[in-house]
Amino acid sequence: PMSPVSPRTLCLATAAAVSLSVLFFIRAGFLCAASGDEAGQQELKKLEGNWKMVNAELNGRSDARAAKMRMVVEDGVATTYYGESKKERFTLTVNPAADPKTVDMMPERGVGKTGLGIYRLSDDGNKLDMCYSFKRRPHIFTTKPSVGSGEVLRTYEQIGRASCRE
């Protein structure tokens with residue numbers, strides 16, 4: 001005859017089953033992230049090129065410096081320029097499956113805060129809008145004070161797809 005299962009044994013068996021289930025879902029999440037990385041890499045390729053800034057907003061106000069700014073994206077790194085002077089370098093991480101698409105901009109050498117943003121690329125790939133904040137990720141493409149707005153909104157037009165190496 002089978003002996004009765006003690007409450008302690010039952011509790012341990014349940015905890016083990018829950019732990020295995022959690023581990024399975026965590027591993028499945030990592031596998032999904034890995035497949036998302038491939039889509040992210042393909043999306044980063046679409047962003048590569050030399051981009052001229054045509055419009056910029058900062059905290060709800062137009063930023064006149066836009067006419068002198070540009071961005072070069074290559075190999076997942078964005079380099080911004082003011083005139084001919086290099087301003088900043090960021091490693092880009094994108095999630096093209098999100099709605100709206102998301103971008104994280106981690107400063108080179110980890111100095112400074114990571115920008116949390118959203119972006120949209122025109123169907124022809126020649127116009128790029130990026131809206132971001134260093135506090136929380138925006139949900140809408142505006143910097144006017146409202147729920148879900150960003151601090152910075154930049155609009156770029158692509159001026160070259162050829163190699164952008166410095």
Side-chain angles (χ1 to χ4, degrees), residues 26-27 29-166:
I26 289 173
R27 290 191 56 85
F30 286 142
L31 291 174
C32 290
S35 66
D37 286 344
E38 185 177 324
Q41 292 302 317
Q42 290 174 355
E43 188 76 0
L44 282 173
K45 288 287 183 197
K46 293 178 186 177
L47 299 179
E48 286 192 354
N50 196 346
W51 297 87
K52 175 179 76 168
M53 192 181 302
V54 294
N55 190 37
E57 284 181 19
L58 182 62
N59 294 318
R61 295 203 164 109
S62 181
D63 187 350
R65 299 175 296 170
K68 295 182 180 179
M69 297 182 79
R70 67 186 176 92
M71 175 176 67
V72 175
V73 179
E74 188 168 40
D75 297 329
V77 176
T79 306
T80 59
Y81 294 85
Y82 185 75
E84 290 304 312
S85 300
K86 187 187 301 185
K87 192 171 178 216
E88 301 168 304
R89 286 176 59 93
F90 297 96
T91 299
L92 301 177
T93 305
V94 299
N95 180 355
D99 185 22
K101 296 176 180 182
T102 64
V103 59
D104 292 346
M105 299 169 288
M106 183 177 298
E108 188 174 57
R109 290 182 236 114
V111 177
K113 293 182 177 182
T114 297
L116 304 172
I118 56 177
Y119 73 98
R120 60 185 168 206
L121 185 63
S122 64
D123 290 340
D124 64 5
N126 290 321
K127 182 180 172 190
L128 173 66
D129 293 316
M130 296 178 82
C131 187
Y132 59 94
S133 172
F134 295 99
K135 296 175 185 169
R136 69 196 178 306
R137 188 178 314 280
H139 302 290
I140 56 177
F141 289 92
T142 186
T143 64
K144 292 180 177 65
S146 65
V147 176
S149 67
E151 296 169 352
V152 180
L153 174 60
R154 295 179 172 174
T155 300
Y156 297 92
E157 287 181 355
Q158 193 166 67
I159 56 176
R161 273 195 135 359
S163 178
C164 302
R165 299 221 186 267
E166 299 172 51

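Side chains included, hydrogens not; waters and symmetry mates left out as well; all remaining heavy atoms used.
Of the listed residues (Arg89, Glu108, Arg70), just one forms a side chain to side chain donor-acceptor pair (under 3.5 Å) with Thr79, and that residue is Arg89.
Residues Arg137 and Val103 come closest through the heavy atom pair NH1-O, 3.1 Å. The two atoms that bring Pro100 and Phe141 nearest to each other are CB-CE1, 4.1 Å, heavy atoms only. Closest heavy-atom contact between Ile140 and Cys131: O-SG, 3.6 Å. Nearest heavy atoms, Gly40 versus Pro96: CA-CD, 4.0 Å.
Interatomic distance, CG of Leu128 versus CZ of Arg120, reported as 10.0 Å (0.5 Å rounding). Taking CD of Glu88 as the reference point, atom OH of Tyr81 lies at 12.5 Å (rounded to 0.5 Å). For the atom pair Asp129 CG and Tyr119 OH, the distance stands at 12.5 Å (nearest 0.5 Å). One distance of note links CE of Met53 with CG of Asn55; it measures 9.5 Å at 0.5 Å rounding. To the nearest 0.5 Å, atom CZ of residue Arg154 and atom CH2 of residue Trp51 are 14.5 Å apart. Remark: Met130 CE to Leu92 CG distance equals 6.0 Å, nearest 0.5 Å.
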Show, in sequence, the C-alpha distance, side-chain angles and deciding distance for Leu58 and Arg65, and conclude whether the side chain to side chain contact (heavy atoms under 4.5 Å, CB included) test is met.
CA-CA 11 Å; Leu58 182 62; Arg65 299 175 296 170; 4.3 Å; yes
Stepwise side chain to side chain contact (heavy atoms under 4.5 Å, CB included) test for Lys46 and Glu43:
CA-CA 5 Å; Lys46 293 178 186 177; Glu43 188 76 0; 3.5 Å; yes
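Surrounding NZ of Lys68 are at most 12 heavy atoms belonging to other residues, nucleotides or ligands under 6.0 Å away. In Lys101, the NZ atom is crowded: over 12 heavy atoms of neighbouring residues, nucleotides or ligands sit closer than 6.0 Å.
Annotation: side chain of Glu48 is in contact with side chain of Asp75 (closest heavy-atom distance under 4.5 Å). Side chains of Thr155 and Lys127 form a contact here, defined as non-hydrogen atoms less than 4.5 Å apart.
Shown here are the side-chain contact (heavy atoms from CB on, under 4.5 Å) partners of Thr93, two or more places apart in sequence or in another chain: Asp104.
Residue pairs meeting the side chain to side chain donor-acceptor pair (under 3.5 Å) criterion with at least one member in residues 140-150, sequence neighbours excluded, are Glu57-Thr143.
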